[in-house]
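Throughout, residue positions are numbered sequentially from 1 according to the sequence presented. Both backbone and side-chain heavy atoms feed into the values below; hydrogens, waters and symmetry mates do not.
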Amino acid sequence: MPAMLDDLIAQVLTLEIKLLSCRARLEAGTDGEALHDLRINTRRLRSLLRPLRDLPAAQVLNEAAREVGALSTPLRDLEVLIVELESHGLAHLAEPRRQRLREGYLALLAAPALAQLFRVLDAWPQLLRISHREGLLVKPRKTIRKRLAKDWQRLEQALADPSHDRHRLRLLIKRVRYGGDAYPQLVETSAKAQRLLKGAQAALGKWHDRLQWLLIAEQEPDLAPRVKAWRVAMHGAEVRSDRVLDKLQASLG
């Protein structure tokens with residue numbers, strides 16, 4: 001079996017251990033970062049698998065990880081909103097949402113999708129070895145390098161679009177960042193580009209948070225006291241993110 005596939009299996013096993021730890025932390029309620037870490041490691045797992053998406057063994061694991069990511073997204077949005085409310089002394093608004101969050105944690109832990117993820121993770125090394133024996137893995141290094149390069153090309157095209165979609169740019173930046181982390185030996189990225197990617201992701205993240213809060217406020221009127229401030233902050237985040245995106249585009253030119 002090629003050394004690269006052995007390394008891939010080792011990385012997936014490492015992520016499985018981290019995900020098991022995140023699940024245990026969620027069950028115990030020991031800290032406020034367990035869900036965030038679960039999402040990060042799920043995203044890293046999908047970044048490993050994405051360049052191999054034509055492989056059935058990768059498809060089944062990616063789908064399991066995708067479902068967990070989708071289930072956890074509204075919970076993470078709620079976590080961030082609660083921190084925002086508490087930071088402005090609005091504990092009376094945060095507390096009922098914290099109860100919803102606790103209920104959400106329990107629902108996620110009991111979700112069939114989470115159990116399925118760990119079942120597939122347990123079986124995955126054997127599934128990959130079977131795929132290799134059946135000749136389904138042909139020149140994986142070349143395939144992965146080509147698809148990672150394609151992700152960069154999509155990002156560069158999106159940055160060059162004057163009417164760029166911030167949602168899409170945020171996802172593309174995450175994709176190239178995590179793809180580079182998953183396969184550093186196959187992606188050459190300058191320290192400056194890495195720094196700008198991280199800055200752009202952070203700026204777009206702040207913009208996205210404010211946008212989400214404003215959308216939630218349309219359905220939850222008790223958030224009205226923060227709406228004006230969120231609108232102002234979202235505009236500021238748009239300006240800052242555009243500035244970083246311009247620098248990123250220049251660095252890639």
Quiz item: Given L71 and L114, is the side chain to side chain contact (heavy atoms under 4.5 Å, CB included) satisfied, shown in steps?
Solution: CA-CA 9 Å; L71 284 175; L114 188 62; over 6 Å; no
Quiz item: Considering only heavy atoms from C-beta outward, does the side chain of M234 approach that of E238 to under 4.5 Å?
Solution: yes
Quiz prompt | Side-chain (N41) to main-chain (D37) donor-acceptor, under 3.5 angstrom | solution = yes
Exercise. Determine, stepwise, if the pair L108 / L38 fulfils side chain to side chain contact (heavy atoms under 4.5 Å, CB included).
Key: CA-CA 11 Å; L108 177 61; L38 177 76; 4.0 Å; yes
Practice problem: Would you please indicate yes or no on a ring centroid separation below 6.0 angstrom for H208 and W213? | Solution: no
Quiz item: Looking only at heavy atoms, which two atoms of L196 and V244 are closest? And how far apart?
Solution: O-CG1, 3.7 Å
Quiz item: What is the distance from atom CG of L148 to atom CD of Q153, rounded to the nearest 0.5 Å?
Solution: 13.0 Å
Quiz item: With a 4.0 Å cut-off, would you call E95 and R102 a salt bridge?
Solution: yes
Quiz item: Mind checking whether E220 and L223 have side chains closer than 4.5 Å, heavy atoms only?
Solution: yes
Quiz item: Can R25 and T30 be counted as having a side-chain donor-acceptor contact under 3.5 angstrom?
Solution: no
Quiz prompt | Test item: side-chain donor near acceptor, E84 and W230, under 3.5 Å | solution = yes
Self-check item: Reported CG-to-CZ distance for the pair L75 and R39, which is rounded to 0.5 angstrom
Solution: 9.0 Å
Quiz prompt | Flag side-chain contact, heavy atom, 4.5 Å: K174 against Q201 | solution = yes
Quiz item: Would you say the side chain of E86 lies within less than 4.5 Å of the side chain of R98, judging by non-hydrogen atoms?
Solution: yes
Quiz item: What do the steps show when you test L155 against D151 for side chain to side chain contact (heavy atoms under 4.5 Å, CB included), and what is the final call?
Solution: CA-CA 6 Å; L155 175 58; D151 287 340; over 6 Å; no
Quiz item: So which heavy atom on G32 is nearest to which on E79, and how close?
Solution: O-OE2, 3.9 Å
Quiz prompt | Sidechain N-carboxylate O distance under 4.0 Å for D54, R147 | solution = yes
Exercise. Decide whether a cation-pi geometry holds between R23 and F118; the criteria are a distance under 6.0 Å from NZ or CZ to the six-membered ring centre and an angle within 45° of the ring axis.
Key: yes
Practice problem: Test side chain to side chain contact (heavy atoms under 4.5 Å, CB included) on L15 and L48 and set out the steps. | Solution: CA-CA 10 Å; L15 288 170; L48 272 174; 3.7 Å; yes
Quiz item: Is the NE2 atom of H88 crowded by more than 12 outside heavy atoms at less than 6.0 Å?
Solution: yes
Quiz prompt | Atom of L245, atom of A200 and distance for their closest heavy-atom approach | solution = CD2-CB, 4.0 Å
Quiz item: Between Q11 and D7, is any side-chain donor less than 3.5 angstrom from a side-chain acceptor?
Solution: yes
Self-check item: Expected output: side-chain R53 to main-chain Q59 donor-acceptor under 3.5 Å
Solution: no
Exercise. Look at atom CD of Q99 and say whether more than 12 heavy atoms of other residues, nucleotides or ligands are closer to it than 6.0 Å.
Key: yes
Quiz item: How about Q194 and R177: do any of their side-chain heavy atoms sit closer than 4.5 Å?
Solution: no
Self-check item: Heavy-atom donor-acceptor pair, W152 side chain to V176 backbone, under 3.5 Å
Solution: no
Quiz item: When rounded to the nearest 0.5 angstrom, what distance separates CD in E27 from SG in C22?
Solution: 11.5 Å
Self-check item: Heavy-atom check, side chain of L171 versus side chain of R175, under 4.5 Å
Solution: no
Quiz item: When clusters are formed by joining ILVMFWY residues with side-chain heavy atoms under 4.5 Å apart, either directly or through shared neighbours, do V239 and V232 land in the same one?
Solution: no
Quiz item: Has the side chain of S21 got a donor or acceptor atom that lies under 3.5 Å from a matching backbone atom of I17?
Solution: no
Quiz item: Taking all atoms of both residues into account, what is the closest heavy-atom pair of Q249 and A160, and its distance?
Solution: NE2-CA, 3.4 Å
Quiz item: Are any non-hydrogen side-chain atoms of D209 and Q212 less than 4.5 angstrom apart?
Solution: no
Quiz prompt | Reported CG-to-CG distance for the pair L49 and L61, which is rounded to 0.5 angstrom | solution = 4.5 Å
Quiz item: Any sub-3.5 Å donor-acceptor pair from Y183's side-chain atoms to R145's backbone N or O?
Solution: no
Quiz item: CG/D165 to CZ/R170 distance, rounded to the nearest 0.5 angstrom?
Solution: 11.5 Å
Quiz item: Looking only at side chains, do Y178 and R43 share a donor and an acceptor under 3.5 Å apart?
Solution: yes
Quiz item: Is there a donor-acceptor contact under 3.5 Å from the side chain of Q116 to the main chain of A64?
Solution: no
Exercise. Treat each ILVMFWY residue as a node, draw an edge where side-chain heavy atoms are under 4.5 Å apart, and state whether V68 and I40 are in one component.
Key: no
Self-check item: pair E218-L215: side-chain heavy atoms closer than 4.5 Å
Solution: yes
Quiz item: For I173 and L204, which heavy atoms make the closest approach, and how far apart are they?
Solution: CD1-CD1, 3.8 Å
Quiz item: Are V83 and L26 connected in the hydrophobic side-chain network, where two residues link if heavy atoms are under 4.5 Å apart?
Solution: no
Self-check item: Atom pair CD1/CG of I82 and L101 - distance to nearest 0.5 Å
Solution: 4.5 Å
Quiz item: Looking at R66 and E63, what are the two nearest heavy atoms and their distance?
Solution: NH2-OE2, 2.8 Å
Quiz item: Quick one: do L13 and L55 end up in the same hydrophobic cluster if we chain Ile, Leu, Val, Met, Phe, Trp and Tyr together by side-chain heavy atoms under 4.5 Å apart?
Solution: yes
